[in-house]
Trainee: 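Structure provided below as C-alpha cells; questions to follow.
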Amino acid sequence: MNEQNIHPTLFTYNSLLNGLVGSSFIESAERVFVAMKEGRIKPDVVTYNTLIKGYCKIGKTRKATEMVREMEVINLEPDVVTYMTIMQACYSEGDVDCCLSLYHEMEDKGFQVPSHCYTLLICGLCKTGKVLEAYALFENMLRNGCKGNKAVYTALIDCYGKSGNSDGALRLFERMKMDGIEPDEVTYGAIVNGLCKSGRVEEALGYFRFCNENAVVVNAVFYSSLIDGLGKAGRVDEAEKVFDEMAEKGCLPDSYCYNALIDGLCKCGRIDDALVLFKRMECDGCEHTVYTFTILISELFRVHRNEEAVKMWDLMIDKGITPNVACFRAFSIGMCLSGKVARACKVLDELAPMGVVLETAYEDMIGALCKAGRVKEACKLADGIVDRGREIPGKIRTVMIHSLRKAGNADLAIKLMHSKIGIGYDRMRSVKKRVKFQTLVDN
DNA sequence: TTAGGGTTAG
C-alpha cells in the first residue's frame, strides 16, 4: 500500500465535509476544516464551497460571505459554484439586491453566467414587481445563449399579470409554447390570476375550461384566483359553483379559497351566508386566518353590525391569531366611525405588549374620521395621541394636514398649516406650551 | 466532492 492509500486525500476530506454539511453538522464540519488548514492537505475551492453551503443552509449567509473574503486573502479564487451557492441563499432570503451584486461581480470577473443565475434574478425581480428589469434580464439571458425555462416564463407571466398587463402576459405565454416549453397548472394559474385581477373573468373561465378539457389538473391556487375573480366581478353564484366543484374533483379548498368566497359573498351583500361559510370552514378543518377575520370585521362594520364585528375581533384574539396592519385598520376605522375611538386606542395599547406594532394605526384612524367629516373627533384623537407621548407632535400634525386635505377639507388643512397647533412641544416632553388640535375646531 | 427556479388574499 502506498502512502496515498493510508492518508486521507483532499477528496476524502471534501467528501467527509459534504456529508457533515448535508446533515447540518456544521460544528463538526468546522473542526474538520480547521484540521485541514493546520494539516498537510490544504482546503481547496471545493472545501470552501462546501462549508459555504453549510453556512447558507443554517441561515448564516453573512458567515458564508466572510468565507469568500477569507478565500481572497489566501489567493484562492471563488468560482461559479461559490457565487451561486451564496446567491441561492440570498434569493431564499428575498434579498434580490444581493443577487444582483453577485451577478455583476461574476460578470466583472468574466465568468460564464449560468442559466440558473438568470433564473434566480428574473424570479427575484418578478417577486418584487420589477417587471421591466426582469424582462431586460430575460433578454440578456437569451442573448448569452441560455434558454428560457418554465420557472422564468411563469414568473414573468405572473409579474406581467400582476402589473395589470395581461396582454403582455398572454404574449409571453404564446412565446413560451413556441419555445417548446409546455405550460403547467402553475403557468395557467398565473394567467388566470392576472386575467381575474384585471376583470377579464370570461377569458379566465376560458382557460379554466381548456385545462379541464386537456387534462391539466387544476390546483387550489388556480381555484382561489378564479373564485376571487368571480366574486369580485359580482358573479358569486358561479364562484360558489366552482367552490363546490373543486371538492367534487378531489381538490380540497384551502383557506385562500374559503376567504375568496367569503369575500365574494360579503361583496354581494350576503353577509349571513358568509358567516355560515365561516363556521363551515372550521368544521371542514380549514383554519381561519387573519384575512378571514379582516374580511368579516370590515363587512360587519360596513352594515353597522358593530357588536358582531367587535365579537369577531375578540374571537380572533382568543384564537391567538395576530392582527396585522390591515386587520387593525378595518377594526379601528369601524370603531372610530361607530363612535368608539377611545376603545380602539385601548385595544391598540393592549397589542403593544403582545409585540404587535401597527405603525400606521393612528394615521388610519385620523384619516377615517376626517374622511367622514368628523374633524372634531379626529382632533380629540390627535391630542390624545400626543398627550400619551405615543408619537412626536410634528408627525401627528402632518398626518392631520394630509388627512384633512385628502378628505377635501382644504380650508382646515391650510388653517392648521399656518397655525402653531401641535408645535412648541419638544421631543423630551418637557412642560412647554402646546396648542391643542382641539382649538382648530373650537372656534 | 461543491450551486437549482415559478402561481393564490383585504
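Numbered from 1 within each chain, the chains take letters A, B, ... in sequence-line order.
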Trainee: Can you confirm whether the side chains of Tyr48(A) and Glu70(A) place a donor and an acceptor under 3.5 Å from each other?
Mentor: yes

Trainee: Sequence neighbours left out, what passes side-chain hydrogen bond (donor to acceptor under 3.5 Å, both in side chains) with Asp44(A)? Give chain and number order.
Mentor: Asn14(A), Thr47(A)

Trainee: Under 4.0 Å, heavy atom to any atom of DNA chain B: which of residues 122-131 of chain A qualify?
Mentor: Cys123(A), Lys127(A)

Trainee: Suppose we call two aromatic rings close when their centres sit under 6.0 Å apart. Are Phe278(A) and Phe293(A) close by that rule?
Mentor: yes

Trainee: Is there a residue in residues 258-281 of chain A whose heavy atoms reach under 4.0 Å of DNA chain B, and which residues are they?
Mentor: Asn259(A), Asp263(A)

Trainee: Please report, rounded to the nearest Å, how far the P atom of dA3(B) is from the CG atom of Asn18(A).
Mentor: 7 Å

Trainee: Of all of residues 175-206 of chain A, which get a heavy atom below 4.0 angstrom from DNA chain B, listed by number?
Mentor: Asp184(A), Val186(A), Thr187(A), Asn193(A), Lys197(A)

Trainee: Is the gap between the ring centers of Phe208(A) and Tyr223(A) under 6.0 Å?
Mentor: yes

Trainee: Distance only, no hydrogens: is a donor on one side chain within 3.5 Å (strictly under) of an acceptor on the other, for Ser198(A) and Ser166(A)?
Mentor: yes

Trainee: What's the NZ-C1' distance between Lys150(A) and dG4(B), to the nearest Å?
Mentor: 16 Å

Trainee: Verify the neighbour count for atom NZ of Lys177(A): are there more than 12 heavy atoms of other residues, nucleotides or ligands below 6.0 Å?
Mentor: yes

Trainee: Salt bridge (Lys or Arg N to Asp or Glu O under 4.0 Å): which pairs involve residues 319-330 of chain A, sequence neighbours left out?
Mentor: Glu282(A)-Lys319(A), Arg329(A)-Asp364(A)

Trainee: Quick one: do Arg69(A) and Glu72(A) satisfy salt bridge (Lys or Arg N to Asp or Glu O under 4.0 Å)? Show the steps, please.
Mentor: CA-CA 5 Å; Arg69(A) 304 301 153 228; Glu72(A) 282 161 354; 3.0 Å; yes

Trainee: So, OP1 or OP2 of dA3(B): does either fall under 4.0 Å of a side-chain N or O from Lys53(A)?
Mentor: yes

Trainee: Any donor-acceptor pair under 3.5 Å linking the side chain of Thr187(A) with the backbone of Asp184(A)?
Mentor: yes

Trainee: Distance check needed: dA9(B) C1' versus His288(A) NE2, whole Å only.
Mentor: 16 Å

Trainee: Measure CZ/Phe222(A) against P/dA9(B) and give the value in whole Å, please.
Mentor: 15 Å

Trainee: Under a 4.0 Å heavy-atom cut-off, which of residues 318-326 of chain A touch DNA chain B?
Mentor: Asn324(A), Ala326(A)

Trainee: In whole angstrom, what separates Tyr160(A)'s OH from dT7(B)'s C1'?
Mentor: 18 Å

Trainee: Quiz question: by atom type and distance under 3.5 Å, do the side chains of Thr12(A) and Thr9(A) form a donor-acceptor pair?
Mentor: yes

Trainee: Considering residues, nucleotides and ligands other than Glu287(A), do more than 12 of their heavy atoms fall under 6.0 Å from its CD?
Mentor: no

Trainee: Are there over 12 heavy-atom neighbours, none belonging to Lys380(A), within less than 6.0 Å of that residue's NZ?
Mentor: no

Trainee: How many Å lie between CD on Gln112(A) and P on dA3(B), as a whole number?
Mentor: 19 Å

Trainee: Whether Tyr91(A) contacts dG6(B) is assessed here as follows: a side-chain N or O lying under 4.0 Å from the phosphate OP1 or OP2. Is that the case?
Mentor: yes

Trainee: Tell me the interatomic distance from Asn49(A), atom CG, to dG4(B), atom C1', rounded to whole angstroms.
Mentor: 15 Å

Trainee: Between Phe173(A) and Tyr153(A), is the ring centroid distance below 6.0 Å?
Mentor: no

Trainee: Can you tell me how far C1' of dG4(B) sits from CD of Glu93(A), to the nearest Å?
Mentor: 16 Å

